[in-house]
Each structure stands twice: as structure tokens, then as C-alpha cells.
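Written out below as C-alpha cells is the structure these notes cover.
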Amino acid sequence: MEIAIRLTTAPKAKPGPENLGFGRVFTDHMFIMDYGPSQGWHDPRIVPYGPLSLEPAAAVFHYAQAVFEGMKAFRTVDGRVALFRPRLNIERLNRSCDRMCIPALDPDFVLQAIKTLVDVERDWVPSAPGTALYIRPFIFACDTVLGVHPAQTYKFLIILSPVGSYYAQGMNPVSIYVEPEYVRAVRGGTGEAKAAGNYAAGLKAQQTAVAEGHAQVLWLDALERRYVEEVGAMNVFFRFDDEVATPELSGSILPGIVRRSVLELLRSWGVPAVERKITIDEVYTAHAEGRLKEAFGTGTAAVISPIGQLAWRNNVISINGGQIGELARQLYDTLTGIQTGRLPDEFGWLEEV
Ligand code: COI
């Protein structure tokens, strides 16, 4: 399929790197493609970024049949633009689509669409340390009937946003609230899909966490409220003495691409890195015994985000004295080093635009 390109006649001023924050500014163009029962996915186009016109009855507003992805394009030290493991995001997008009854996309075509859009917006890829061009592909249902069933019409869009740190604190360790009551997802539900509704379900707990001075929520499993699952916008890792552990993918946890890359990096360094069940009691016991050395979140948006403090049922613990841990620092430096071409791409993770 040929991607039609219509360029803006009113390009926006690009923001400086200082106050980018996360996902507040959008580039000049976006990608759109439609799906209908007879044409399949069709009419791919890049057009000026702007509002969409949708009927109030559009299914996405009522029943949340919507999925998304998050990935980044980086400016390398020698001025190239590279995507980080984009095929893994595209595979996950199709798995999310399958879970939400959305028709699959051709992975090669999605990669072509992302590359074409990023190429059009090449000048928007920032180069300051810690910045990137965040890529947000998303798909939603457009049918205009109120019956509950998988839609027959969809839109697939890609928008781009130059970003700095996800958290206002940057890479400084954050405080995380262990949610005792609400749950994010249950096995058999949509937790392992990147479904829009998962994030809506998490807002109530996040609101409480933020009101109490924490950055985000750590979710426990839905059945027993014992097993650690993930943090609001990240997967989570703990370093118990010299073993690094992250919750195993149980069906309710998002299979993060940075999570996977961190496991691969650690194993390549000879650090024992395991995926297994972790109870919140184990975390607190290890802390009491002096064996909890570090905790950190991983995600595309947040990269590596050290956890300086955990609060669970009024029991607040400080991890690594609230300082950035040695492993978290090393992982951050290595990942961003590979992403920006400061370090060799030994694993073949970059895909140049
Ligand atoms: C990402 O890390 O890219 C995500 O999609 C998390 C997001 C909800 C900010």
C-alpha cells in the first residue's frame, strides 16, 4: 500500500529540550489508516496533526475497544535516527488487537508507516541527553451502533511527541504506593494486552497514591493481593542480594520490551536474573533483613526508574537510602548508550530510519 503524504503549511515551533516533560507536545503530522469489512485496512495517509471528527455513537467512547503502543525514536550521537526494537512493539500490538477483537495489521506495513512518519518528522527527534521522540500508535473502534459486539470499522493512528523524562523527578528515585484494595487486572482479563481500559481502571488508585505524595501505584495480584505484578506505567524489578527478580508473566502483566531487554542485558553480564512469583511480604522481609538492595521500574516511557521508597499499609520503607542503585544506573547508561549509539548495538536492537 502506498502511503499518501499531505504536508502542513503551518509547521509549529519546536520546543527546547529543557521542559519537554512527557507527551505534552505533538509534532506537525500524524498517520491514519481506516478499516472496513470489505476493504480491510486501507487508505494509509500522513496528514497534518489535528482533531478527528467522530460520531458520538462511535463504539470506542462506549465500550473502550481500543489498544495502543509506546515506542521511541532516538537521535544517535552521529545524527542518525533509530528505533528501539520496533518489531517487538508491533508484535505486541497485534496480540493486543487479537485480545480486543481488532483486526490484525501487517507488521511490515506498520513498521513502514512508523518509519515514513518519523522520517517526515526527522527534525523533531531531539538530541539532548534523556530525550527521544515518543511514538504512540493506537487503534480504536468506530462503529456507530450501541449494541455490544466487535466493531467492523476502525481507525489506526500514529502520533509523535518529543519527550524528556516521564516523571517530573527525572531519574531520581520515586516513591511508590502499594495498592491494598483496587486491582489492575486478573488472569484471563486484558492485563497482558495494551488495552486503553487497563489504564482507566488504574486511575482511581493512582489518584490516591498521588494525593498521598507518591508517584505511582504498585499493583498486587487480583486474587490474593499478595503477589507483586507491575507499577502503573512500568514493569518492576527487585534486587535481592545479587539475584535480580521480576514477576513472571502470569497473564495479567504487560510483557514490556524494556523488561525483556533488561533481562537480556543482565543475563549477558552474568547477573542472575529470574522471572518468578514475588510476594510483597518477601520484599518487606528482604528489606528488614538487609537483602533488598535495589528496586526499579522499567518501561519505554520511564526507561529505568529507581524506586526509593515503598509504602504498603502504612509501612514505609526506604530502598538503597533513597538513592539510585548501582545496577539501575548501569542499566540506564547501557540502554540509553545503545539507543543513542554511544555504545555498540551488540544485540542488534536498533532499526535505523
Ligand atoms: C510506555 O512506557 O510507553 C507506556 O506505554 C506507558 C504509558 C502508559 C506511559
Side-chain angles (χ1 to χ4, degrees), residues 20-27 64 66-74 83-97 99-100 110 114 118 125-126 130-140 156-171 174 176 179 184-185 190-207 209-210 214-219 229-237 246 249 252-263 296-307 328 331-332 335-336 339 349:
L20 282 177
F22 181 81
R24 296 198 296 246
V25 177
F26 298 93
T27 67
V67 297
F68 73 97
E69 265 305 321
M71 51 211 287
K72 279 176 174 170
F74 297 89
L83 306 173
F84 183 72
R85 311 192 82 177
R87 289 172 198 274
L88 295 182
N89 291 89
I90 296 168
E91 277 169 27
R92 187 174 64 184
L93 180 66
N94 268 337
R95 289 200 303 276
S96 300
C97 284
R99 180 63 182 83
M100 301 304 289
V110 176
I114 292 168
V118 171
V125 184
T131 64
L133 186 68
Y134 188 77
I135 304 169
R136 173 54 63 89
F138 60 106
I139 308 173
F140 58 88
F156 169 43
L157 278 87
I158 308 170
I159 57 174
L160 306 176
S161 172
V163 297
S165 295
Y166 185 70
Y167 293 112
Q169 297 92 325
M171 208 210 160
V174 290
I176 299 285
E179 172 55 50
R184 172 185 173 273
T190 58
E192 66 184 357
K194 217 158 166 62
N198 291 343
Y199 295 80
L203 294 176
K204 183 80 179 164
Q206 190 186 332
Q207 196 174 42
V210 170
H214 309 285
Q216 261 195 30
V217 169
L218 174 65
W219 296 109
E229 297 234 308
E230 65 183 81
V231 175
M234 312 182 290
N235 294 114
V236 67
F237 285 74
T246 189
L249 299 177
S252 53
I253 293 176
L254 189 82
I257 284 131
V258 178
R259 174 189 181 280
R260 173 167 164 173
S261 306
V262 161
L263 286 168
F296 53 89
T298 66
T300 295
V303 196
I304 302 290
S305 174
I307 298 172
L331 285 164
Y332 179 87
L335 274 173
T336 56
Q339 288 163 340
W349 284 345

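Just so you know, ligand 1 is whichever comes first in the structure, and atom 1 is the first atom listed for that ligand. The first residue in the sequence is number 1, and the count goes up from there.
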If you scan protein heavy atoms around atom 9 (C) of ligand 1, the nearest is Y166 CE1, 3.6 Å
Any donor-acceptor N/O pair, N89 side chain to G70 backbone, under 3.5 Å: yes
Looking only at distances, please establish whether an N/O atom of ligand 1 is found under 3.5 Å from an N/O atom of T300. yes
Of the protein's non-hydrogen atoms, which lies at the shortest distance from atom 2 (O) of ligand 1, and what is that distance? A301 N, 2.8 Å
How about V110 and P137: do any of their side-chain heavy atoms sit closer than 4.5 Å? no
Taken to the nearest 0.5 Å, the spacing of W219 CH2 from N198 CG works out to 10.5 Å
Would you confirm whether E192, through its side chain, and L249, through its main-chain N or O, come within 3.5 Å as a donor-acceptor pair? no
Can a non-hydrogen atom of K194 be found less than 4.0 Å from any atom of ligand 1? yes
The protein heavy atom nearest to atom 7 (C) of ligand 1 is R136 NH2, 3.9 Å
Polar atom proximity, F68 to ligand 1 (N or O, under 3.5 Å): no
In terms of side-chain geometry, is the basic nitrogen of R184 or E230 positioned less than 4.0 Å from the acidic oxygen of its partner? yes
Using a 4.0 Å cutoff against the non-hydrogen atoms of Y199, which atoms of ligand 1 qualify? 8 (C)
Between F296 and Y332, is the ring centre distance below 6.0 Å? no
Shortest protein contact, atom 3 (O) of ligand 1 (heavy atom only): Y134 OH, 2.6 Å
With side chains defined as the heavy atoms from C-beta onward, is the minimum distance between I114 and P86 less than 4.5 Å? no
Mode of M234 contact toward ligand 1 - side chain, backbone, both, neither (heavy atoms, under 4.0 Å): neither
